[in-house]
Amino acid sequence: MIKKLLLGDEALALGAINAGLSGAYAYPGTPSTEILEYVQNNSVARDRGIHSHWSSNEKTAYEEALGMSFCGKRSIVSMKHVGLNVAADPFVNSAMTGTNGGMLVISADDPSMHSSQNEQDSRFYASFALIPVLEPSTQQEAYDMASYGFELSERMKVPVMVRMVTRLAHSRAVVETSAEAAEENTLSYPVNPRQWVLMPGNSRVRYRQLLEDYGEMEKEAEMSPFNVYTSGTDHRIGILASGIAANYVAECFPGGVPFPMLKISQYPLPKALIERLADDCDRIFVVEEGQPVIERSLRGVLDRGVKVCGKLDGILPLTGELTPDNVAAGMVKLLPEMASQLLPEIQPPSEMVVARPPSLCQGCGHRDVYAALNLALADFENPKVFGDIGCYTLGWLAPFNAIDTCVDMGASITMAKGAADAGQHPAVAVIGDSTFTHSGITGLLDAVNENTAMTVIISDNLTTGMTGGQTSQGTGKLEDICLGLGLDPAHLHTIDSLPKKVEEMRELFAREFAYEGLSVIVSRRECIQTARRHAKAK
C-alpha cells in the first residue's frame, strides 16, 4: 500500500483507476471538477490510454459512459448535483437497461450553495431510479468505494451512484492506496441485449425485474462494510449519521460517542440496522448532510412510537452545510444537561474573516461586453437581458447590474425567445461559449426556425472559465455552428471584446437590437487566467 494526501475527489478518481477504469466522462462543475482532472493528469491513466473526455454536457457524458458499460468496460461519469438534472433522462432509464461493465454515477452535491443555484440532494434521484447509493464519509472510503461500487454494479447489473458533498470533495486526508492498478475488463457484451431496447414490451419485463432486484440491493446494504453500528452506554438517544455527517458527530465527542450510533454510507436504507438502533434507544437523532432524506423515511419506517428528531423539527438547520457546531447545538436541544460539555467547544466566527463576494477578473473580456451592452441598452425604455451560468453571471452584480435572469444552463436563449414571443423588445440573451454548446444550441435552433426578434451574445473566452479552464467543445466552431443551424449570415457578427472596442461593440449591439429578427454576436477574447497560463508555458 502507498499513502497519498488526496482530496476526496482525487481519492475517488484514483480508486476508479486502480479498480480497472476504462473510461471517464464529465462536464465540469464545482465540486466535481477535480475528478476528471485527476484522471487526465494521472500517469497510470495516461500510460494505459484510459479514455477521458470533457463532454458537451452531462447528458452526453452519461450516455458515453453507458455506452462503454454496454461493451463490458468499467466507466465513471461525474457531475455536480444540478448536472444530474441535465442527465436525468439517461440516468433513470439506465436503471431499466441495466449495465454490463461496472458504472459509477458520481454526483457532487453542494450544501450551502457555495457555487450552485440550489441545494438539491442527489439521493432523491437514486431512490426514484431504484439504484444503490454509496455515500463516503472519509477520503479513504471514497477511494475504497470505487472498487466496491464497480463490483456492486456488475453484480446487481445497474449503475451505482456515489454521492459526494463539497466539504469531502475539497478537503484532503491521507489515503492508503494500492501500489498497482487492476487490469481493465476485456470487451464483452450483455447476455441479454434485448433489455437495452426500451420498447414497452421489454421495459415492462425489465421494470418487474428491477423491483425484484431492489430487495437484493436492500440486503446488500444490510451487509455493507460501510454501514457501521456501534453500541453505546447512554441510551437516551441513538444517533443515525450518514456520510460526512458522521465525522461531525465524532468531533463533538473526542473521547468517543457515548450513544448507540449507526453510520450509513450505503443505500437503500438498511432497515434491520435501523430497527436495531430504534430498539436500543428512546429516540433517534438523525444527522445527515443535505435534505432530510433519511429522516423522512424513518418517520414512515419507525411507526411504533419512536421519536425521530433532526431537521424536520428544527433540531438541526434545514438549509446550509452541517458543522460540528450546529450538530453540538442540536444535541444540547435534545439533552440540555450536556450544554456544559458541548457548547463551550463552539467558537464564534472570527471577526478577521471578511466576506469576499466574487467578481469578474480584471482584464476579463466579459467586462467590456457588459460595458458596451449597458451603453447600447440605455436608449431603450424597458430592455431585458437574460443571463446564463458561467463567469459572466457575475454581470448581475455591481458595477454592471446588467442581467435580469439566470435560471439554468442554456436558459438565456430560450427565455429570451419566450420573452420576444410575448412582445418584449429588445430581448437579449448573454451566454458563454461552453454553456452554448452545453445546452444553448437547441434553443437557438428554435429561434432560427421562427426568426425570432432577439439578439444572442455569445461571450466567447475560448474555455470553460468558471470551473478552471477546461476544454470548451465549441472553440473555433461557434460561427459554423450558428450558420449550420440556418442563421442568416448577414446577422452573424464576430468582434473582439477589448476595451478599445467598447464603442464599436455598442454600435453593433444597437444596430442588431433594431433588427426585427434573429441576430447572433460572438464577442471573443481569451480568458485572462488561461492566457496567463499559456504565456507562462511558452
Side-chain angles (χ1 to χ4, degrees), residues 357-407 411-420 422-436 440 443-444 447 452-462 465-466 478-479 482 487-529 531:
S359 62
L360 290 169
C361 300
Q362 294 298 321
C364 173
H366 299 321
R367 285 178 170 268
D368 302 306
V369 170
Y370 284 129
L373 181 60
N374 282 340
L375 290 172
L377 292 174
D379 295 333
F380 293 88
E381 182 178 350
N382 194 26
K384 295 298 174 188
V385 179
F386 300 88
D388 226 298
I389 307 294
C391 298
Y392 48 90
T393 312
L394 298 173
W396 177 64
L397 302 173
F400 301 105
N401 306 115
I403 64 175
D404 297 286
T405 70
C406 175
V407 178
S412 59
I413 294 177
T414 39
M415 289 187 68
K417 183 186 183 303
Q424 169 64 36
H425 183 80
V428 182
V430 177
I431 191 169
D433 50 313
S434 182
T435 308
F436 176 70
L444 185 61
T452 305
M454 57 183 280
T455 302
V456 177
I457 299 171
I458 305 177
S459 192
D460 179 14
N461 60 6
L462 305 174
M466 192 176 198
L478 296 179
E479 290 86 350
C482 294
L487 180 69
D488 182 354
H491 293 281
L492 172 62
H493 306 277
T494 303
I495 190 168
D496 295 329
S497 47
L498 297 165
K500 65 182 180 181
K501 296 266 191 174
V502 167
E503 178 57 25
E504 186 179 341
M505 278 194 287
R506 183 200 68 77
E507 293 175 357
L508 175 60
F509 291 165
R511 187 166 67 248
E512 290 306 321
F513 294 163
Y515 171 57
E516 293 294 330
L518 176 65
S519 58
V520 175
I521 299 167
V522 180
S523 57
R524 180 169 290 126
R525 184 182 177 188
E526 185 180 6
C527 169
I528 190 67
Q529 301 297 338

Evaluate side chain to side chain contact (heavy atoms under 4.5 Å, CB included) for Val428 paired with Phe509, printing each intermediate quantity in order.
-> CA-CA 10 Å; Val428 182; Phe509 291 165; over 6 Å; no
Measure across Ala416 and Ala429 and return the closest heavy-atom pair with its distance rounded to 0.1 Å.
-> CB-CB, 3.9 Å
Hey, what do you get for CD1 (Ile521) to SG (Cys482), rounding to the nearest 0.5 Å?
-> 11.5 Å
Quick one: SG on Cys391 to CD1 on Ile528, what's the gap to the nearest 0.5 Å?
-> 12.5 Å
Which distance, rounded to the nearest 0.5 Å, do you find between the CD of Glu526 and the CG of Asp496?
-> 12.0 Å
N/O donor-acceptor pair under 3.5 Å between Asp460 side chain and Val522 backbone = no
Here the gap from Leu444 atom CG to Met454 atom CE, rounded to the nearest 0.5 Å, amounts to 7.0 Å
Tightest non-hydrogen contact, residues Gly395 and Phe400, listed as O-CB, 3.5 Å
Working to the nearest 0.5 Å, report the span between OH of Tyr370 and OG of Ser523.
-> 9.5 Å
Could you list the residues that satisfy salt bridge (Lys or Arg N to Asp or Glu O under 4.0 Å) with Arg506, not counting sequence neighbours?
-> Glu503
When you measure from the side chain of Ser459 to the backbone N and O of Ile431, does any donor-acceptor pair fall under 3.5 Å?
-> no
Please answer whether the main-chain N or O of Ile389 pairs with a side-chain N or O of Thr435 as donor and acceptor at a distance below 3.5 Å.
-> yes
At what distance, to the nearest 0.5 angstrom, does CG of Leu492 lie from CD1 of Ile458?
-> 8.0 Å
Under 3.5 Å, is there a donor-acceptor pair between the side chain of Asn461 and the main chain of His366?
-> no
Given side chain to side chain contact (heavy atoms under 4.5 Å, CB included), test Val385 with Trp396 step by step and report yes or no.
-> CA-CA 10 Å; Val385 179; Trp396 177 64; over 6 Å; no
Which atom of Ile413 lies closest to which atom of Gly443, heavy atoms considered = CG2-C, 3.6 Å
Are side-chain heavy atoms of Val369 and Tyr392 found at a separation under 4.5 Å?
-> no
Kindly indicate whether the side chain of Pro426, heavy atoms from C-beta on, has any atom under 4.5 Å from the side chain of Leu377.
-> yes
In short, Asp388 meets Ser412 closest at the heavy-atom pair OD2-OG, 2.5 Å
Can you list every salt bridge (charged side-chain N to carboxylate O under 4.0 Å, His left out) pair that touches residues 360-382, not counting sequence neighbours?
-> Asp368-Arg525
Qualifying residues under side chain to side chain contact (heavy atoms under 4.5 Å, CB included), relative to His491, sequence neighbours excluded = Asp488, Glu512, Tyr515, Ser519
